[in-house]
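Data first, discussion second: the structure below is written as structure tokens.
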Amino acid sequence: QVQLVESGGGLVQAGGSLRLSCATSGRTFSGYTMGWFRQAPGNEREFVAAISWYGGTRHYADSVKGRFTISRDNPSNTVYLQMNSLKPEDTAVYYCAADLKPPRQFADGYLEVWGQGTLVTVSS
């Protein structure tokens with residue numbers, strides 16, 4: 001069974017940092033763009049960041065530029081989201097996803113594989 005499993009969520013104070021991880025299993029995602037979306041209570045799911053297979057292309061939502069960094073380690077089949085200077089408005093369930101689209105098109109949200117999500121709560 002193809003799976004994307006997120007981890008690293010939790011409760012953090014505003015200004016703090018968290019690092020999310022997304023591990024893949026069940027198949028290889030060779031060549032796939034990987035990325036993150038988030039969904040806050042009462043809101044639609046929104047794009048956060050995406051990274052190409054070799055990591056040479058990264059795309060970020062304007063709301064997280066300069067604060068979040070996406071990276072990946074292909075030998076371990078893991079993608080990361082380092083989140084710094086967190087704000088209460090970053091509170092959401094964060095989802096990992098994978099697709100063959102390039103990072104900019106990845107943001108449209110019509111993607112092949114999704115994880116179950118991990119909750120990030122930022123207190124003020």
Side-chain angles (χ1 to χ4, degrees):
Q1 183 179 0
V2 176
Q3 281 191 314
L4 300 178
V5 180
E6 302 94 336
S7 62
L11 174 64
V12 64
Q13 288 188 332
S17 298
L18 281 176
R19 188 176 81 155
L20 305 183
S21 300
C22 173
T24 67
S25 66
R27 57 168 282 189
T28 179
F29 285 89
S30 179
Y32 274 65
T33 295
M34 302 287 294
W36 295 89
F37 281 70
R38 66 186 182 186
Q39 187 168 19
N43 290 357
E44 294 186 353
R45 189 152 51 185
E46 64 175 1
F47 170 74
V48 175
I51 185 169
S52 59
W53 169 247
Y54 288 111
T57 302
R58 308 182 193 197
H59 182 48
Y60 295 94
D62 288 343
S63 59
V64 306
K65 280 181 183 176
R67 300 189 298 122
F68 291 11
T69 302
I70 189 170
S71 61
R72 66 190 297 166
D73 180 62
N74 290 336
S76 67
N77 300 309
T78 305
V79 63
Y80 303 97
L81 185 68
Q82 178 67 43
M83 306 186 295
N84 299 328
S85 302
L86 282 161
K87 305 175 182 179
E89 51 263 44
D90 294 317
T91 294
V93 177
Y94 283 71
Y95 297 91
C96 179
D99 199 273
L100 286 169
K101 295 177 180 179
R104 281 196 176 272
Q105 293 178 23
F106 195 93
D108 68 18
Y110 296 98
L111 306 173
E112 181 179 340
V113 186
W114 290 88
Q116 293 300 306
T118 185
L119 177 62
V120 172
T121 304
V122 184
S123 63
S124 58

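Positions are given from 1 along the sequence.
- Expressed to the nearest 0.5 Å, how far OG of Ser124 lies from CD of Gln13 amounts to 9.5 Å.
- When all heavy atoms are compared, the tightest approach of Leu111 to Asp108 is CD2-OD1, 4.4 Å.
- Cation-pi contact between Arg58 and Tyr60: absent, since separation from the ring centre below 6.0 Å together with deviation from the ring axis within 45° is not met.
- A continuous path of Ile, Leu, Val, Met, Phe, Trp and Tyr side chains, each step under 4.5 Å between heavy atoms, connects Val48 with Val122, placing both in one hydrophobic cluster.
- Under a 3.5 Å cut-off, the side chain of Lys101 and the backbone N or O of Tyr110 do form a donor-acceptor pair.
- Taking each heavy atom of Ala40 and Ala92 in turn, the nearest pair found is N-CB, 3.7 Å.
- Considering all non-hydrogen atoms of both residues, Thr78 and Ser21 come closest at CG2-CB, 4.3 Å.
- Asn74 places no side-chain N or O within 3.5 Å of a backbone atom of Asn77 that could act as its donor or acceptor partner.
- Between the CD atom in Gln3 and the SG atom in Cys96 there is a gap of 12.0 Å [rounded to 0.5 Å].
- With hydrogens and angles disregarded, no donor-acceptor distance shorter than 3.5 Å links the side chain of Thr121 to the backbone of Leu11.
- Both Phe29 and Leu100 are members of a single hydrophobic cluster when ILVMFWY side chains are connected at heavy-atom separations under 4.5 Å.
- Taking the six-membered ring where the residue is Trp, Tyr94 and Phe68 present tilted rings, their angle falling between 30° and 60°.
- A tilted orientation is assigned to the rings of Phe106 and Phe37, their planes being inclined by 30° to 60°.
- Hydrophobic clustering (side-chain heavy atoms under 4.5 Å, transitive across Ile, Leu, Val, Met, Phe, Trp, Tyr) keeps Val5 apart from Val120.
- A single hydrophobic cluster is seen to contain both Ile51 and Leu18, as judged by linkage of ILVMFWY side chains at heavy-atom distances under 4.5 Å, directly or through other members.
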Does the side-chain contact (heavy atoms from CB on, under 4.5 Å) test come out yes or no for Thr33 and Asp99, once each step is laid out?
CA-CA 5 Å; Thr33 295; Asp99 199 273; 5.7 Å; no

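- Surrounding CD of Gln116 are at most 12 heavy atoms belonging to other residues, nucleotides or ligands under 6.0 Å away.
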Start with the C-alpha gap between Lys87 and Asp90, add the side-chain angles, then the distance that decides, and say whether salt bridge (Lys or Arg N to Asp or Glu O under 4.0 Å) holds.
CA-CA 5 Å; Lys87 305 175 182 179; Asp90 294 317; over 6 Å; no

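- With 3.5 Å as the limit, one finds no donor-acceptor pair spanning the side chains of Arg72 and Tyr32.
- Side-chain contact of Ser17 with Asn84: a donor-acceptor pair under 3.5 Å is present, judged by distance alone.
- Hydrophobic cluster membership differs between Val79 and Trp53, with clusters built from Ile, Leu, Val, Met, Phe, Trp and Tyr side chains linked at under 4.5 angstrom.
- Between the CZ atom in Arg67 and the OG atom in Ser85 there is a gap of 7.0 Å [rounded to 0.5 Å].
- Here the options are Met83, Arg38, Glu6, Gln82, the test is side-chain contact (heavy atoms from CB on, under 4.5 Å), and the partner is Leu20; only Met83 passes.
- A cation-pi arrangement is present between Arg19 and Tyr80 under the rule of less than 6.0 angstrom and at most 45 degrees off the ring axis.
- Shortest non-hydrogen contact noted between Cys22 and Leu4 is SG-CB, 3.9 Å.
- Residues Ala14 and Pro88 share a closest heavy-atom pair of CB-CD, 4.1 Å.
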